[in-house]
Amino acid sequence: MGPLAGLKILDFSTLLPGPYASQILADLGATVLRIESPTRPDLVHALPPFIGRASSANASLNRNKRSLALNLKHPLASRIIERLLEDYDIVIEQFRPGVMSRLGLGYDQLKHFRPDIIYCSITGYGQTGPMKDRAGHDINYLAVSGLASYSGRSDTGPVLSGTQIADIAGGSHHAVMGILAAVIHRTASGSGQHIDISMTDAALSLTTIVGATALAGGKTPELGTEMLNGGIFYDYYRTADGRYLSVGGLEPQFYSAMLELMDLDEWIPRASDYNPQNQARLKAALKTAFAGKSAGEWLELFACADVCVELVQTIDEARRSELFLQRGMFVELPTGNGNSVTQVASAIAMSETPASYRSIGPLPGRDSKLVLSELGYSDQEIAAMIADGLTAEAQ
């Protein structure tokens with residue numbers, strides 16, 4: 001059943017932050033019903049490659065969920081939501097501030113029908129403040145929060161991350177934490193609440209130690225000058241075959257072992273000297289040394305030592321990695337046409353109530369008829385709703 005069995009969530013979100021948050025919850029047993037527009041489908045449905053008619057991105061991002069196509073602008077849509085609230089008591093939405101209220105589905109409106117509702121809003125800049133109505137994306141939230149100001153190199157400027165940090169670590173993960181905290185509070189008090197997740201606020205919170213140091217009157221972090229952003233030997237190095245190795249041995253026992261194996265013993269006493277000129281010379285020595293052998297040769301040399309040096313793997317290499325195979329980080333889900341698809345599993349490993357994987361993400365409106373019939377609507381009424389554009393079936 002999963003540790004979150006019994007939680008029932010209406011998910012009005014699209015794209016990445018909200019759907020990934022509800023995927024985390026669904027993998028752990030929560031019941032999630034996606035409310036999707038029948039006329040403006042989530043762009044994730046259009047991302048190739050496809051598994052039959054389904055986007056592989058949607059198949060993973062929205063697994064373990066059901067889909068109800070509902071035109072929220074239709075005057076009867078709010079009545080269906082009110083019926084759903086008899087059973088569902090958590091809402092996730094990702095519209096700009098005020099949109100849900102204009103649709104009659106804001107927190108203050110829905111709590112009249114469900115006083116203990118937990119209502120999580122995920123936005124770029126929050127429900128209040130001078131930027132609340134401003135459009136934005138992950139890159140903008142990282143910029144405004146200050147995180148991008150020290151993420152990169154001094155000669156190239158800020159760099160783009162390979163994943164959406166503000167969207168996922170900011171929006172998705174903070175939404176999950178906020179919802180579960182609100183569930184605990186409701187269990188103790190009986191009261192629901194509105195959770196205001198700003199992806200920019202969350203990105204600011206991710207500055208953690210660096211931010212704390214700057215706020216305490218320390219040095220403002222800069223590109224490529226800090227301990228963990230390229231200012232010292234902690235970095236990536238290119239090998240003779242064009243691969244990259246990550247060097248993370250900050251502690252003396254790690255960097256000493258690495259430098260000794262690389263025949264760079266003379267640098268051992270100076271590796272802890274964080275003077276910029278000294279570190280620049282050490283990095284140049286490491287760059288030259290790593291360029292002299294292939295990644296495989298270096299890994300073989302380091303294999304029996306604790307040196308905190310690892311290959312930068314591709315996703316395909318990670319998929320074949322003994323580490324992730326033994327950790328169970330890939331699962332096979334049936335696609336419904338006799339085939340299966342590999343997906344990344346939940347990273348939350350629980351001994352008694354592990355995550356489960358029941359179905360790939362549905363096409364928009366796949367469960368419309370079933371959900372509406374469960375609410376007590378007759379076949380004739382559902383047919384009329386489809387004809388009127390209130391709902392739709394997956395095509």
Side-chain angles (χ1 to χ4, degrees), residues 7-15 17-19 21-22 31-46 58 62 65-124 127-128 132-133 135 175 179 192-197 361-395:
L7 296 188
K8 304 199 76 172
I9 301 165
L10 294 180
D11 182 1
F12 293 85
S13 64
T14 59
L15 296 174
S22 60
T31 297
V32 178
L33 175 61
R34 296 200 74 206
I35 307 298
E36 302 192 69
S37 170
T39 57
R40 297 179 61 187
D42 186 346
L43 291 177
V44 168
H45 288 294
N58 176 71
N62 289 301
K65 307 174 191 177
R66 298 200 295 176
S67 172
L68 167 63
L70 195 62
N71 179 2
L72 297 180
K73 295 181 179 180
H74 194 288
L76 298 180
S78 59
R79 295 186 187 179
I80 293 175
I81 299 300
E82 290 165 17
R83 287 204 193 186
L84 286 167
L85 290 177
E86 295 175 12
D87 200 22
Y88 290 80
D89 55 8
I90 299 173
V91 164
I92 299 175
E93 64 93 7
Q94 197 177 299
F95 293 102
R96 292 200 209 186
V99 171
M100 286 289 275
S101 294
R102 290 194 292 273
L103 294 169
L105 302 172
Y107 170 67
D108 290 331
Q109 294 152 315
L110 294 190
K111 73 178 181 179
H112 288 297
F113 299 97
R114 186 82 199 213
D116 64 346
I117 192 170
I118 292 171
Y119 192 106
C120 180
S121 298
I122 304 172
T123 57
Q127 299 293 306
T128 60
K132 67 183 180 69
D133 295 319
I179 288 168
Q193 60 186 301
H194 188 193
I195 304 165
D196 174 7
I197 299 294
L363 292 171
R366 183 196 65 185
D367 306 293
S368 293
K369 280 190 173 182
L370 177 60
V371 171
L372 292 170
S373 66
E374 290 173 350
L375 293 177
Y377 291 103
S378 68
D379 290 344
Q380 292 78 13
E381 289 174 312
I382 296 172
M385 292 177 185
I386 294 173
D388 194 32
L390 173 57
T391 189
E393 295 181 89
Q395 300 298 318

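As a basis for the values below, the full set of heavy atoms in this structure was taken, side chains included, without hydrogen atoms, waters or symmetry mates. Just so we're clear, the structure is a prediction, and the values are computed from it rather than from any experiment.
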Subject >> Results of salt bridge (charged side-chain N to carboxylate O under 4.0 Å, His left out) for Glu381 - residues two or more places apart only >> reply: none
Subject >> Exercise: identify the closest heavy-atom pair between Arg114 and Leu85 >> reply: NH1-O, 2.9 Å
Subject >> Atom pair CG/CG of Leu70 and Leu10 - distance to nearest 0.5 Å >> reply: 10.0 Å
Original post:
Between Asp367 and Lys369, is there a salt bridge with N-O shorter than 4.0 Å?
Top reply: no
**OP:** Please determine if Glu36 and Lys65 form a salt bridge, counting it only when a charged side-chain N lies under 4.0 Å from a carboxylate O.
**Re:** no
**OP:** Compare all side-chain heavy atoms of Leu15 with those of Asp42 and state whether any distance is below 4.5 angstrom.
**Re:** yes
Original post:
Given side chains that start at C-beta, do those of Leu105 and Val91 come closer than 4.5 Å, heavy atoms only?
Top reply: no
**OP:** Answer yes or no: is there a side-chain heavy-atom contact under 4.5 Å between Arg34 and Ser22?
**Re:** no
**OP:** To the nearest 0.5 Å, tell me how far Lys111 NZ sits from Asp116 CG.
**Re:** 12.0 Å
Original post:
So do Asp108 and Ser101 actually touch side chain to side chain, heavy atoms under 4.5 Å?
Top reply: no
Original post:
Do Arg102 and Phe95 meet the cation-pi criteria used here (NZ or CZ under 6.0 Å from the six-membered ring centre, within 45° of the axis)?
Top reply: no
**OP:** Please check if the side chain of Ser368 supplies one atom and the backbone of Ala392 the other of a donor-acceptor pair under 3.5 Å.
**Re:** yes
**OP:** Could you grab the distance from atom CG of Asn58 to atom OG1 of Thr14, nearest 0.5 Å is fine?
**Re:** 11.5 Å
Subject >> Atom pair CD1/CD1 of Ile81 and Ile35 - distance to nearest 0.5 Å >> reply: 4.5 Å
Original post:
With side chains defined as the heavy atoms from C-beta onward, is the minimum distance between Asn71 and Thr39 less than 4.5 Å?
Top reply: no
Original post:
Is there a side-chain contact between Thr123 and Arg96, using heavy atoms and a 4.5 Å cut-off?
Top reply: no
Original post:
What do the steps show when you test Ile197 against Cys120 for side chain to side chain contact (heavy atoms under 4.5 Å, CB included), and what is the final call?
Top reply: CA-CA 7 Å; Ile197 299 294; Cys120 180; 3.9 Å; yes
Subject >> Over all atoms of both residues, closest heavy-atom pair of Ser121 and Glu93 >> reply: OG-OE2, 2.6 Å
Original post:
Do Thr31 and Asp87 touch side chain to side chain, with heavy atoms closer than 4.5 Å?
Top reply: no
Original post:
Taking all non-hydrogen atoms of both residues, which atom of Ser67 and which atom of Pro362 are closest, and how far apart?
Top reply: CB-CG, 3.7 Å
**OP:** Look up atom OG1 in Thr391 and atom CE in Met385, then write down how far apart they are to the nearest 0.5 Å.
**Re:** 8.0 Å
Original post:
Is a side-chain N or O of Arg366 found less than 3.5 angstrom from the main chain of Ala394, in a donor-acceptor match?
Top reply: no
Subject >> Minimum side-chain heavy-atom gap Val32-Asn62 below 4.5 Å >> reply: no
Subject >> Under 3.5 Å donor-acceptor, Asp196 side chain and Gln127 backbone >> reply: yes
Subject >> Ring geometry between Tyr119 and His194 (parallel below 30°, tilted from 30 to 60°, perpendicular above 60°) >> reply: perpendicular
**OP:** Measure the CD1-OH distance between Ile195 and Tyr107 for me, rounded to the nearest 0.5 Å.
**Re:** 9.5 Å
Subject >> Name of the residue among Asp11, Ile9, Val371 meeting side chain to side chain contact (heavy atoms under 4.5 Å, CB included) with Leu33 >> reply: Val371
